[in-house]
Amino acid sequence: MTANRITVAVAPLVLMVLVVIGMTGIEQWLSTFGKTDAARLTLGRVGIALPYVTAAAIGVIYLFANAGSTSVKVAGWGALAGSATTMLVATAREAARLAAFAGQVPDGKSITSYLDYATMVGAAAALMAGCFALRVALIGNAAFARAEPKRIRGKRALHGEADWMKMQEAEKLFADTGGIVIGERYRVDKDSTAARAFRADDPETWGAGGKSPLLCFDGSFGSSHGIVFAGSGGFKTTSVTIPTALKWGGGLVVLDPSNEVAPMIHEHRKGAARFIRILDPKEPETGFNALDWIGRFGGTKEEDIASVASWIMSDSGGARGVRDDFFRASALQLLTALIADVCLSGHTDQEHQTLRQVRSNLAEPEPKLRERLQSIYDNSNSDFVKENVAAFVNMTPETFSGVYANAVKETHWLSYPNYAALVSGSTFSTDALAAGETDVFINIDLKTLETHAGLARVIIGSFLNAIYNRDGEVKGRALFLLDEVARLGYMRILETARDAGRKYGITLTMIYQSIGQMRETYGGRDAASKWFESASWISFAAINDPDTADYISKRCGMTTVEIDQVSRSSQSRGSSRTRSKQLAARPLIQPHEVLRMRADEQIVFTAGNAPLRCGRAIWFRREDMKACVGTNRFHTIGKMSEARVIQPARSATNKADPGE
């Protein structure tokens, strides 16, 4: 405890005791102001109660003076101690007075009938001050009344009666046995530090954050998918990715542009009998063959090849021009034909059926490539390959140049040896993820995602399809935790996983910075609304976008408030004042209030339930998580106290496993 906190705690106790002792005997001085015996007696009684009432008043004033500070709970305990001492002094003095003539009490009378009512009044005042001090000590700044309109519920709620979800209901909905960490079970806006801005480097601003129970999702309702919206620097990785990576017990695929999650949770998940694979362009020794799942577990090779080609080609959920659409579609067909040639024509051995080989075949001068296409058409063993190549055999040179340029541009990233090695390697196969014992961390930084998003699309798409094609025959569920998912661009396989993933063992948790990002990716307001309809839970935190704030305010609903109105009128005969009460509509939370929310506070929406306003599970505030994580190159933590280590939720506790 710091010297400042000690001072805050001791000050009210010392002041109240000094007042009680210093004002002792004031009744004699006060009684001299009376002109009659009755007046002197009354003033004397007031003087007896005055030291205790004054001490109680000082305690209450001290609490209000500390309202809004981070040490208000400490001040509450100090005022409580002062009130208890004041009552103890009053009790001791009265007991000593009564003991002096206890033996002279007539028979049939009780000693309590001789209690001094003035002393009792003073002690009662100290008791009330102590009760208020105890309330402040327990709940902090929430003990002080807030300046807000009175909300109306029941039959008089003409404009609506929206309200926040109670913490007891949140505990039932998001039990801590789940594997996806949603947040912490406490109201930030009612915490003792609610009036102060959250600072990650100042524990005094954390309040109950880090000490409250976790809210976790076990996939027991809805599609099992979740969406997180948080602005730039909004603690997305620290409050969603890392806590969930520590808690989730099944297969895990993490898109981590910050490259910080894997080093932090590697040992923890390895200790839980997990196999860890890290796909990092800086360490290309680890890789898998993105084509190894094609044609397996019920899917046709032709359909799977077309899927891979679509991931390599950038796409958009919005409309394109006719010319752009033609060249893109033709480039997609050319790329599909070359992948099919490698996999189906029969002249490429199994070891070289990779995307690196596809790029090698494509990256040739135009005349030589046209000769290759003619040879493929003449010699391929696959009718599918021949039909896709036929369109390019006699295509005019000018048109073919445009198609060729598009195909080369979209596969440019495969020319980088370290990028190609990630999707053309042999360290592990996609079967490992479907087996439920392997975790994959995709450490592709933001710069690479911006310029070569196709790399991440191929990796994620391969893993999704490898699980989807198994038709639900997977061990447990696989969680795809995708940070900065907007950088991937439009991916149709994500929409497929959104609509049918629950049945096939796929759970998505996608992180965006704003609703605008999602709308830009999927082609407008209507396309983005499909994601909102399909998600089991949607979280909003650290919002800086006014449009997103408007959406949150509207979705939270309206309440009915009672407003007091006072009108005054002046006439020649005098003035009059009229007071009336009126019911008015008010949003549960207004857009400007959303924008002013603390960074460690969030609003969570679920279908059929009231909106949940709660804290965020920021890992470096929680001792149980700090005891599990490794070194973070962006954040240094001090010495950790002894804490219960957080345990991953096992698949047996997951209520959304396929087949259930």
*Asks:* Between R470 and D431, does at least one N-O distance fall below 4.0 Å, as a salt bridge requires?
*Replies:*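 The answer is yes: the pair qualifies as a salt bridge.
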
*Asks:* Would you mind reporting whether F463 and F480 have side-chain heavy atoms less than 4.5 Å apart?
*Replies:*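 Yes, their side chains come closer than 4.5 Å.
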
*Asks:* Does E161 reach the main-chain N or O of I152 with its side chain, forming a donor-acceptor pair under 3.5 Å?
*Replies:*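 No; zero donor-acceptor contacts below 3.5 Å.
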
*Asks:* Determine whether a donor-acceptor pair (N or O, by modelled atom type, separation under 3.5 Å) exists between the side chain of T548 and the backbone of N544.
*Replies:*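 A pair under 3.5 Å: no.
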
*Asks:* Below 4.0 angstrom, N of the basic side chain to O of the carboxylate: do R621 and E184 qualify?
*Replies:*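 Between E184 and R621 there is a salt bridge, with a charged N closer than 4.0 Å to a carboxylate O.
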
*Asks:* Distance check, rounded to the nearest 0.5 Å: I459 atom CD1 versus T430 atom OG1?
*Replies:*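 Result: 13.0 Å between the selected atoms.
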
*Asks:* Heavy-atom distance under 4.5 Å between the side chains of M264 and I242, does that happen here?
*Replies:*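 M264 vs I242: side chains touch.
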
*Asks:* Hey, are D189 and R187 close enough for a salt bridge, meaning a charged N less than 4.0 Å from a carboxylate O?
*Replies:*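 Salt bridge between D189 and R187, a charged N being under 4.0 Å from a carboxylate O: yes.
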
*Asks:* Evaluate the criterion ring-ring contact (aromatic ring centres under 6.0 Å, His included) for residue pair F235 and F198; output intermediate values, then yes/no.
*Replies:* CA-CA 11 Å; F235 301 97; F198 172 74; 5.4 Å; yes

*Asks:* With a 6.0 Å cut-off on ring centres, are Y551 and F532 close enough?
*Replies:*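 Between F532 and Y551, which both carry aromatic rings, the centre distance is below 6.0 Å.
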
*Asks:* Please evaluate residues R477 and T507 with respect to the criterion side chain to side chain donor-acceptor pair (under 3.5 Å), reporting the C-alpha separation (whole Å), side-chain torsions for both, the decisive distance (0.1 Å), and the verdict.
*Replies:* CA-CA 7 Å; R477 299 190 67 80; T507 294; 2.8 Å; yes

*Asks:* Check this for me, if you would: do R586 and E593 make a salt bridge, where the nitrogen-to-carboxylate-oxygen distance has to be below 4.0 angstrom?
*Replies:*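 The answer is yes: the pair qualifies as a salt bridge.
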
*Asks:* Report the distance from atom CZ of F217 to atom CZ of F174, rounding to the nearest 0.5 Å.
*Replies:*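 Reported value, rounded in 0.5 Å steps: 6.5 Å.
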
*Asks:* Is any side-chain heavy atom of H592 less than 4.5 Å from a side-chain heavy atom of R596?
*Replies:*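 Yes, close enough: below the 4.5 Å cut-off.
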
*Asks:* Check the pair L252 / L433 against side chain to side chain contact (heavy atoms under 4.5 Å, CB included), numbers first and verdict last.
*Replies:* CA-CA 8 Å; L252 181 65; L433 184 64; over 6 Å; no

*Asks:* May I have the step-by-step check of side chain to side chain contact (heavy atoms under 4.5 Å, CB included) for R269 and I276, ending in yes or no?
*Replies:* CA-CA 8 Å; R269 292 194 68 84; I276 310 299; 3.9 Å; yes

*Asks:* Considering only heavy atoms from C-beta outward, does the side chain of P587 approach that of T559 to under 4.5 Å?
*Replies:*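 A side-chain contact is absent here, since even the closest heavy-atom pair is not under 4.5 Å.
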
*Asks:* Salt-bridged, D176 to K247, with N to O below 4.0 Å?
*Replies:*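 Salt bridge absent between D176 and K247.
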
*Asks:* With a cut-off of under 6.0 Å to the ring centre and 45° to the axis, is R613 in cation-pi contact with W164?
*Replies:*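 The answer is yes, since R613 meets both limits relative to W164.
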
*Asks:* Roughly how far, to the nearest 0.5 Å, is OG1 of T193 from NZ of K73?
*Replies:*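 Answer for the NZ-OG1 pair, K73 versus T193, is 8.5 Å.
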
*Asks:* Are the ring centres of F275 and F428 closer than 6.0 Å?
*Replies:*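 Centroid separation for F275 and F428: 6.0 Å or greater.
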
*Asks:* Could you walk me through whether F605 and W537 pass the ring-ring contact (aromatic ring centres under 6.0 Å, His included) check?
*Replies:* CA-CA 6 Å; F605 295 107; W537 59 276; over 10 Å; no

*Asks:* When rounded to the nearest 0.5 angstrom, what is the spacing between CD1 in I444 and OG in S258?
*Replies:*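 So the CD1 of I444 and the OG of S258 are separated by 12.5 Å.
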
*Asks:* Please report the interatomic distance CZ(R492) to OH(Y490), rounded to the nearest 0.5 Å.
*Replies:*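 Rounded to the nearest 0.5 Å, the CZ-OH separation comes to 3.5 Å.
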
*Asks:* Are side-chain heavy atoms of M597 and I589 found at a separation under 4.5 Å?
*Replies:*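 Yes, side chains in contact.
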
*Asks:* Quick check: closest heavy atoms across P611 and L588, and the distance to 0.1 Å?
*Replies:*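 So the minimum-distance heavy-atom pair works out to CG-CD2, 4.0 Å.
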
*Asks:* Between R457 and L488, is there a donor-acceptor pair closer than 3.5 Å when you use the side chain of the first and the backbone of the second?
*Replies:*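 Yes; at least one donor-acceptor contact below 3.5 Å.
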
*Asks:* List the steps, then state whether side chain to side chain contact (heavy atoms under 4.5 Å, CB included) holds for L214 with M625.
*Replies:* CA-CA 11 Å; L214 288 175; M625 293 185 181; 4.0 Å; yes

*Asks:* Determine whether a donor-acceptor pair (N or O, by modelled atom type, separation under 3.5 Å) exists between the side chain of Y512 and the backbone of D483.
*Replies:*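 No: the side chain of Y512 does not pair with the backbone of D483.
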
*Asks:* Could you walk me through whether W206 and F620 pass side chain to side chain contact (heavy atoms under 4.5 Å, CB included), step by step?
*Replies:* CA-CA 11 Å; W206 295 356; F620 57 77; 4.0 Å; yes

*Asks:* Side chain to side chain donor-acceptor pair (under 3.5 Å), that's the test. Do D445 and T448 meet it? Break it down for me.
*Replies:* CA-CA 6 Å; D445 57 46; T448 304; 2.8 Å; yes

*Asks:* Could you tell me whether a side-chain N or O of E520 sits under 3.5 Å from a main-chain N or O of Q517, the two making a donor and an acceptor?
*Replies:*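 Checking the backbone N and O of Q517 against the side chain of E520, no donor-acceptor pair under 3.5 Å is found.
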
*Asks:* Would you call K626-E623 a salt bridge at under 4.0 Å N-O?
*Replies:*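 A salt bridge links K626 with E623.
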
*Asks:* What are the two closest non-hydrogen atoms of N443 and D280, and how far apart are they?
*Replies:*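 Heavy atoms only, the tightest pair is O-OD1, 3.5 Å.
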
*Asks:* Is it true that atom NZ of K211 has more than 12 heavy atoms of other residues, nucleotides or ligands lying nearer than 6.0 Å?
*Replies:*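 Counting neighbours around NZ of K211, more than 12 heavy atoms of other residues, nucleotides or ligands fall under 6.0 Å, so yes.
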
*Asks:* Are N4 and T7 close enough, and set up right, to give a side chain to side chain donor-acceptor pair (under 3.5 Å), and what steps lead you there?
*Replies:* CA-CA 5 Å; N4 181 52; T7 302; 5.6 Å; no

*Asks:* For a 4.5 angstrom cut-off between non-hydrogen side-chain atoms, does I265 reach F441?
*Replies:*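 Yes, at least one pair of side-chain atoms sits under 4.5 Å.
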
*Asks:* Between T244 (side chain only) and I180 (backbone N and O only), is there a donor and an acceptor less than 3.5 Å apart?
*Replies:*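 Not at all, since once roles are kept as given, no pair shorter than 3.5 Å links the two residues.
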
*Asks:* Verify, without hydrogens or angle tests, whether D256 (side chain) and V261 (backbone) share a donor-acceptor contact under 3.5 angstrom.
*Replies:*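 Indeed, once roles are kept as given, a pair shorter than 3.5 Å links the two residues.
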
*Asks:* Determine whether a donor-acceptor pair (N or O, by modelled atom type, separation under 3.5 Å) exists between the side chain of S553 and the backbone of D550.
*Replies:*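 Not confirmed, S553 side chain does not pair with D550 backbone.
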
*Asks:* Once rounded to the nearest 0.5 Å, what's the spacing between atom SG of C614 and atom CD1 of I603?
*Replies:*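 Separation between the atoms: 9.5 Å.
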
*Asks:* For residues G615 and V188, report the shortest heavy-atom separation together with the two atoms involved.
*Replies:*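 Smallest heavy-atom distance, with atoms named: CA-CG2, 3.6 Å.
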
*Asks:* Applying ring-ring contact (aromatic ring centres under 6.0 Å, His included), run through F132 and F64 and close with a yes or a no.
*Replies:* CA-CA 11 Å; F132 180 65; F64 276 96; 5.6 Å; yes

*Asks:* What is the minimum heavy-atom distance between L246 and C628, and which atoms define it?
*Replies:*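 Closest approach of L246 to C628: CD2-CB, 4.0 Å.
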
*Asks:* Can you confirm whether W619 sits close enough to S239 that some side-chain heavy atom of one is under 4.5 Å from a side-chain heavy atom of the other?
*Replies:*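 Of all side-chain heavy-atom pairs linking S239 with W619, none is under 4.5 Å.
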
*Asks:* For the side chain of N469 and the backbone of I467, is there at least one donor-acceptor N/O pair under 3.5 Å apart?
*Replies:*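 Here the side-chain-to-backbone pair does not exist.
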
*Asks:* Does L215 reach the side chain of Y186, with side-chain heavy atoms less than 4.5 Å apart?
*Replies:*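 The answer is no; the side chains never approach within 4.5 Å.
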
*Asks:* Under a 4.0 Å N-O cut-off, is there an ion pair linking D600 with R616?
*Replies:*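 No, D600 and R616 are not salt-bridged.
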
*Asks:* So which atom in R277 and which in T427 form the shortest heavy-atom distance, rounded to 0.1 Å?
*Replies:*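 Closest pair (atom of R277, atom of T427, distance): NH1-CG2, 3.8 Å.
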
*Asks:* Do S534 side-chain atoms and D499 backbone N/O form a donor-acceptor pair below 3.5 Å?
*Replies:*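 Not confirmed, S534 side chain does not pair with D499 backbone.
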
*Asks:* What are the two closest heavy atoms between V136 and A143, and how far apart are they?
*Replies:*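 Looking at all heavy atoms of both residues, the shortest contact is CG2-CB, 3.8 Å.
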
